[in-house]
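Notes for the one structure printed next.
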2 protein chains.
Amino acid sequence: MARHAGVSITTVSHSLNGKGVVAKATRQRVIEVAAELGYSADAIARGLRSNRLGLLGLVIRPLDTLGSYQPEGVDYFLRFAGAAAVEALDCGYGLVLMRDPTAGNAPGIALAADGFIISDPLAGDPVIDLLTRNAIPLVAVGRDVERPDFTAWLGGGTLRNVDSVIAHLSERGAQRIALVTGTDENSWNADSENSYREWAAENNQTPIVYNQDERLGEEGGREIAEELLASDASLPDAIYCLTGRHAAGIQAGLQAAGYRIPEDVMIVAGSDSEQTRNSAPPITSVDLAPEATAKAAVAYLVALLEADEDNQPLPPEIAYELRERASTQRG
Amino acid sequence: MARHAGVSITTVSHSLNGKGVVAKATRQRVIEVAAELGYSADAIARGLRSNRLGLLGLVIRPLDTLGSYQPEGVDYFLRFAGAAAVEALDCGYGLVLMRDPTAGNAPGIALAADGFIISDPLAGDPVIDLLTRNAIPLVAVGRDVERPDFTAWLGGGTLRNVDSVIAHLSERGAQRIALVTGTDENSWNADSENSYREWAAENNQTPIVYNQDERLGEEGGREIAEELLASDASLPDAIYCLTGRHAAGIQAGLQAAGYRIPEDVMIVAGSDSEQTRNSAPPITSVDLAPEATAKAAVAYLVALLEADEDNQPLPPEIAYELRERASTQRG
DNA sequence: CTAGCTGACCAAAACGTTTTGGGGGAGATA
DNA sequence: TATCTCCCCCAAAACGTTTTGGTCAGCTAG
């Protein structure tokens with residue numbers, strides 16, 4: 001390239017990057033020759049020199065614990081990943097989906113990423129340790145419940161979903177509202193339960209909480225239904241279930257026992273999925289806005305990467321909406 | 001690292017990569033020290049030296065021409081991309097989704113990928129030119145209709161879908177079968193039309209073919225319905241429509257004009273989508289097996305990358321299935 | 001005793017950039 | 001004429017590996 005343009009390597013670099021002092025005519029010629037030759041600086045060599053490859057990593061922790069990257073009907077994560085990839089492109093970055101990079105079978109490229117997005121980190125997440133140790137910037141969706149000092153996370157708005165769901169159910173006449181969470185140690189499960197217990201305490205309700213392994217899917221929901229039915233206490237008249245698959249299972253279980261949804265029990269899911277959309281009746285669900293969240297997370301990470309030391313960006317806020325469906329449509 | 005282990009840089013490299021001649025004890029010690037320090041060779045530096053970054057690129061051409069990377073209800077590509085990413089990980093690679101890398105706004109990392117998967121290349125696709133010029137191996141899903149010499153592609157089985165759909169429709173009593181394709185210049189559109197016309201010629205049928213822009217979605221389907229209704233010729237009694245969104249639009253258009261599906265007209269879509277699953281009636285569709293296709297494409301590309309010059313792998317075959325639904329359920 | 005071989009290790013080159021620290025020529029000033 | 005100042009440009013270092021082509025010591029064989 002330098003030979004073709006009749007200048008030094010330095011001048012090529014300066015010309016194409018707009019740095020240094022180069023005569024206008026020279027810079028123009030270099031640019032023209034580069035275009036003609038289809039030349040552009042080798043990204044790897046540039047990466048070696050500048051320690052910036054233009055690559056972002058995405059780790060979706062719930063899929064790690066779930067064991068499968070394509071859980072039946074759960075489209076939240078795929079939509080999240082797709083939107084993140086597109087937004088990264090818009091920012092001039094590539095995005096690589098990765099599994100737990102502490103697990104050892106991570107691709108070699110893992111630690112070469114400029115920054116990471118961690119979706120739903122676990123308590124004291126080792127992935128955050130690894131990245132911090134390697135001085136790789138990261139942004140989380142959901143907080144690490146054991147790491148209060150780590151503030152570069154978004155999605156705190158999910159906390160308010162508990163309140164809005166309870167308000168919705170109360171408005172429809174619910175008296176005794178139960179909560180079903182997953183067992184992953186992430187803030188989505190933990191903080192939702194905390195919020196719920198706070199509400200119960202404030203309203204003199206006996207909290208009714210079940211924790212069920214996410215991996216069990218609809219079957220896990222059916223088990224909860226059986227536990228509810230076998231319990232000495234009377235059945236709650238509304239159930240807020242964080243995962244869509246558990247919700248669908250609970251609904252099916254209660255219906256099999258002769259209960260009607262929503263007449264006898266109302267059901268709300270904390271995240272929308274194919275199961276909640278297509279069960280009978282369809283289940284009222286919180287739309288966790290995967291596209292908007294992904295877009296915000298990528299933009300935030302890129303801002304973090306490209307910001308000066310002194311004016312760091314702040315985490316964006318995401319708005320969630322309740323999709324009201326027949327499972328809470330009374331009267 | 002070399003200092004910590006008390007050996008040269010060379011010996012570290014040799015020890016960790018199992019190359020060269022290193023005393024067993026030394027190699028062991030180096031490995032231990034590396035584990036202790038959490039050291040692993042910098043992927044970028046290694047990439048610079050070996051020209052292998054461990055990164056695959058994925059370009060989905062229909063989304064480029066569509067202009068949107070999240071077309072409403074079309075989950076084929078997202079599922080394809082997700083499955084490809086996971087399979088790449090299983091092979092030790094990262095996968096980056098990219099837009100048309102010839103468009104200029106491609107991320108710098110684009111040409112640093114070890115290899116590419118091109119989904120549904122266009123006729124004489126410039127992306128293939130670009131990659132070939134840069135000596136980057138690639139695998140396509142669907143062939144480039146203007147590049148018969150390029151054989152590293154899979155998905156030829158879609159050709160047979162035309163026959164099986166026609167067989168299915170004939171079995172259900174169809175006499176006059178129309179075809180609706182898209183206008184993208186890919187093999188999926190072109191070869192399907194060719195197959196259809198061959199069948200028509202062999203069976204003394206007057207071919208009825210419409211080509212409609214993919215970008216118009218369901219509205220485009222409705223337009224086709226109007227054209228069919230306005231035509232002098234009588235309405236076909238079955239329509240094979242390659243895209244799910246066109247199919248849903250045609251069905252809605254015909255129903256609005258008072259025709260019944262499937263009694264008056266049967267409809268089949270060449271690719272499954274949310275529209276075909278949830279329209280009324282649900283539309284019989286070909287399941288293009290995005291996960292299996294993606295997995296096969298990645299495995300094929302990786303095999304290509306890692307193969308010796310002399311024994312190149314052959315493209316795998318994919319099997320597709322017809323999902324029979326009410327839109328062809330007669331009698 | 002010497003030449004040759006082998007096993008263990010290492011210095012240096014190469015990969016293609018970016019960045020640093022000049023170098024040299026032309027014009028201006030003394 | 002000598003010196004100073006700009007303005008352009010460039011050589012070389014550095015990034016962290018892998019790979020090539022050694023060196024050196026200790027043995028073995030002649």
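Throughout, protein chains are lettered first and strands after them, A, B, ... in sequence-line order, and every chain is numbered starting at 1.
Residues passing the side chain to side chain contact (heavy atoms under 4.5 Å, CB included) test with A2(A) are I9(A), V12(A), sequence neighbours excluded. For E291(A), the side chain to side chain donor-acceptor pair (under 3.5 Å) test picks out R79(A), with sequence neighbours left out. Legend: residues meeting side chain to side chain contact (heavy atoms under 4.5 Å, CB included) with S13(B), ordered by chain and number and at least two apart, are N17(B). Residues satisfying the side chain to side chain donor-acceptor pair (under 3.5 Å) criterion with S8(B), sequence neighbours excluded, are T11(B). L66(B) pairs by the side chain to side chain contact (heavy atoms under 4.5 Å, CB included) definition with L63(B), P71(B), E214(B), R215(B), R245(B), not counting sequence neighbours. Residues satisfying the side chain to side chain contact (heavy atoms under 4.5 Å, CB included) test with E87(A), not counting sequence neighbours, are D90(A), C91(A), K295(A), V298(A), A299(A).
Contact annotation for V22(B): backbone-only contact, meaning every heavy-atom pair under 4.0 Å involves sugar-phosphate atoms and none involves a base.
For residues 45-63 of chain A, every residue pair satisfying the salt bridge (charged side-chain N to carboxylate O under 4.0 Å, His left out) rule, not counting sequence neighbours, is listed here: R61(A)-D64(A), R61(A)-D100(A), R61(A)-D125(A).
Phosphate contact (OP1/OP2 of dA11(C), side-chain N/O of S8(B), threshold under 4.0 Å): absent. Here T26(A) does not reach the OP1 or OP2 of dC8(D): none of its side-chain N or O atoms lies under 4.0 Å away.
Between the C1' atom of dG7(C) and the CZ atom of R27(B) lies a distance of 13 Å, rounded to the nearest Å. For R29(A) and dC8(D), the CZ to C1' distance is 12 Å, given to the nearest whole Å. As rounded to whole Å, 20 Å separates atom P of dC9(D) from atom CZ of R3(A).
Cation-pi check for R99(A) over Y69(A) is met; the charged atom lies under 6.0 angstrom from the ring centroid and within 45 degrees of its normal.
Over its length, the helix from dC1(C)-dG30(D) to dA30(C)-dT1(D) turns its helix axis by 70°, as judged from the five terminal pairs at each end, rounded to 10°.
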- Message: What does the B/S/- profile of nucleotides 16-22 of chain C look like, 5' to 3', with a 4.0 Å heavy-atom cutoff to protein?
- Response: BBBBB--
